[in-house]
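Reminder, nothing fancy here: chain letters follow the sequence lines and each chain counts from 1.
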There are 2 protein chains.
Amino acid sequence: MAYSLSSVSFNINQLKNSCASCNLHALCLPMGMSQHDLEQLDEIIQTKRRVHAGETLYHAGEPFHAIYAVRSGFFKSLLGSQEGREQVIAFHMSGEIMGMDGIASDTYMCDTVALEDSEVCLIQYHHLENILQSCNSIQHHFHKLMSREIMRDQNVMMLLGSMRADERLAVFLLNLSLRYSARGFSRHEFYLRMSRSDIASYLGLKIETISRIFSSFQAEGYLEVHQKHVIIKSLEKLQELLHQE
Amino acid sequence: MAYSLSSVSFNINQLKNSCASCNLHALCLPMGMSQHDLEQLDEIIQTKRRVHAGETLYHAGEPFHAIYAVRSGFFKSLLGSQEGREQVIAFHMSGEIMGMDGIASDTYMCDTVALEDSEVCLIQYHHLENILQSCNSIQHHFHKLMSREIMRDQNVMMLLGSMRADERLAVFLLNLSLRYSARGFSRHEFYLRMSRSDIASYLGLKIETISRIFSSFQAEGYLEVHQKHVIIKSLEKLQELLHQE
DNA sequence: CGACACCTTGATCTTTGTCAACATGTGTGG
DNA sequence: CCACACATGTTGACAAAGATCAAGGTGTCG
C-alpha cells in the first residue's frame, strides 16, 4: 500500500535560505510583496532549526524571544495549568506561525512539540519589530497573522462550547482536509500526525469517544480509517452532519 | 438596598478627550509612555461613541475599519455560525480592546453588543497602523494586546475542553472578581451585567445548569446570589474547587 | 519474537441536558 | 400605583451524551 505522501511533500534539502524561494511563500507571506521587502525579511529569517519528532521546540515559562514558522513537519501546542490539567490547544502545519502567545508576557505560554521530524524558521522577535517599523505591508501582514490566530481560537471555543462529540470530530477532519488541500495534498486522504489522545484533548473529549466516533463514521460510510491513515469517502456527508440539528 | 457601585464607577463627564488624562490609562496603555507618544495616540483617538444597553457596536460581516477600547460599560461578543449556532465568546469591560478579530479578513467576525449603557474610544485602524510605524513602544504594546487576546482565548479553550460545570462557573466568577478588583471595585461583591443565558453560552453549558450551580455554591456557603448581585463569601473555597480533582 | 504503546469495544455510571412547571422580576398601560 | 404580560431565573424528574472502568486487539520497534 503506497500510503506515502512524500512525493508531494516539501523537500527540505531543495529549499534555499530565502523567503523568496520558499514554496510556502503563498501561505506565509502577503501577496504582492516587493523584492525589497522580501530581502528585508530574509535578513531576519536566517536561522532554520530542525526539530525531531517528539522534541519540544519551546516550553511554557521559557523567556520569549522568537516566533517560529513551520517550514515542514507538524506540531502540537499544549497548555498546562497549575492544577495539572493539560490540553492540546493547537496543531500547526507548514506555513503556520507558532509562539505568538508569548508576546504578551515575554514568556511562552504553552509547550510546542514536533509530532514528526520538522523544520522551522526562527524569527527573532525584536528583529521582526524593527522590520515592521520600516515596512508597512509586512506590519499589516503580521497583524493579520495574529488576528487569524484569534479567529482560529474563537472558532475552537465555538466548537468546544456548542458542538456534540461527532460534530467536533467532523469539524476537525474537515479542517485538516482543508489545510492539507491548501498545501497541495489530497483533501480526501491523509495521515493523522497526532495520536487519538491528542485529538481527544484538543476536542475536549476522551480517547474512547474519539475511537467510537471514528468507528461509527466508518460504519456510516463517511470515511475509512486504518490507524492514522484517513480516507474521507464523503466530505459532503461530514458537512451535512453539522447542518442537521 | 444600596447595591449601587456608581460611587466608584468612572464618571464619563469628567473625562477629557485624551489618553493622558483617561483613568483607564494603566489598563489600556503601556507603562512609562512618553508625553510625545501620548499626544500621538490622542490624535487618532478623538472619536468617542456612546452605545446604549442592548445596542450593537458592530456586526459580524461588517467591513472592519476600527478597533474599540471600552471606556465605560460592559460588552459581550457573539460568534455565529452558518448552522445557526451562536456562542458568547467574550465579555469586555473598561480598558479592554474589542474588534481585533476583524483585522485578519477586513471583516468583523462577531457581533459585539453593549450590556449596559457604555462608551467606547473608536480607534481607526489605518491611523493606528501609521502611528505604530513611527512609535516602537506603541507598536510593541499593540502586539502585546493582541497576544493577550490570544492567551485569553486559549485559557477559555482549556476551560471548555477540560473542566466540569462547577469548575467553569468558579473560574468565571474568579476571573470577574479579578477584573473588577483591577478596576478598583470590590473583589467580593459585584453585579453580573450579563444574563444567565449569556453565562451559559460562554461556559458551554445550559442555563439550568448555571442556575443549579449558583444554588449549590450558595448552599455550600461559597457565595450569595440575589439575581445579578453576587457576594463571594470565600474566594479561597472557590479556588479550592479547582485544585481538588 | 516479545514488550509496550496505542487503539478499540463493551458494560456501566455520572454529569449535564431536556422538558415541564413554577417563581420572580420588570416594564407597560390602564 | 396596581395589574397584567413577558422575560428571566429556579427547581424537579427524567433522558441522553459522554466518561469511566475493564478487557482485549493491533501495530511498532527493539
message: In this structure, how many angstroms lie between the C1' atom of D:dG9 and the CZ atom of B:F214, rounded?
response: 11 Å
message: Taking B:E240 first and then B:K237, would you say they form a salt bridge - that is, a charged N and a carboxylate O separated by under 4.0 Å?
response: no
query: Which of these, B:R71, B:R183, B:E119, sits in a side-chain hydrogen bond (donor to acceptor under 3.5 Å, both in side chains) with B:S94?
result: B:R183
Enumerate donor-acceptor pairs with a distance under 3.5 Å from any side-chain N or O in residues 198-217 of chain A to protein atoms, sequence neighbours excluded.
residue	atom	partner	partner atom	Å
A:D198	OD1	A:K76	NZ	2.8
A:D198	OD2	A:K76	NZ	3.4
A:D198	OD2	A:S195	N	3.4
A:D198	OD2	A:S195	OG	3.4
A:S201	OG	A:V88	N	2.8
A:S215	OG	A:S211	O	3.1
A:S216	OG	A:I213	O	3.2

- prompt: With sequence neighbours left out, what residues match A:F74 under ring-ring contact (aromatic ring centres under 6.0 Å, His included)?
  reply: none
Set of salt bridge (Lys or Arg N to Asp or Glu O under 4.0 Å) partners for B:E62, sequence neighbours left out: none
Test side chain to side chain contact (heavy atoms under 4.5 Å, CB included) applied to A:E220 - qualifying residues, sequence neighbours left out: A:Y222
- request: Classify every nucleotide of nucleotides 24-30 of chain D by which part a protein heavy atom approaches to under 4.0 Å, writing B for the base, S for the sugar-phosphate alone and - for neither, in 5'-to-3' order.
  value: ---S---
Contact state string [nucleotides 14-19 of chain C, B base, S sugar-phosphate only, - no protein heavy atom under 4.0 Å]: --SSBB
message: Whole angstroms only, please: what is the CD1-C1' distance between B:I210 and D:dT8?
response: 14 Å
- prompt: Does the side chain of A:S195 get closer than 4.0 angstrom to OP1 or OP2 of C:dA5 through an N or O atom?
  reply: no
field: Residue list, side chain to side chain donor-acceptor pair (under 3.5 Å) with A:R179, at least two apart or on another chain
entry: A:E96, A:N175
Residues that A:Q82 engages under side chain to side chain contact (heavy atoms under 4.5 Å, CB included), provided they are two or more places apart: none
message: Could you tell me how far apart B:L115 (CG) and D:dT8 (P) are, to the nearest whole angstrom?
response: 12 Å
- prompt: When the distance from CD of A:Q218 to P of C:dT8 is rounded to whole Å, what number comes out?
  reply: 9 Å
query: Residues in side chain to side chain donor-acceptor pair (under 3.5 Å) with B:R187, at least two apart?
result: B:S181
- request: Could I get the full list of side chain to side chain donor-acceptor pair (under 3.5 Å) partners for B:S147, not counting sequence neighbours?
  value: none
- line: Atom CD of A:E167 and atom C1' of D:dG18 are separated, to the nearest Å, by 14 Å
query: What is the nucleic acid contact for A:S211, judged by heavy atoms within less than 4.0 Å: base, sugar-phosphate only, or nothing?
result: base
task: Would you work out how much the helix from C:dC1-D:dG30 to C:dG30-D:dC1 bends between its ends, with each end axis defined by five base pairs, to 10 degrees?
output: 40°
message: Using the side chain to side chain donor-acceptor pair (under 3.5 Å) criterion, which residues pair with A:S105? Sequence neighbours excluded.
response: none
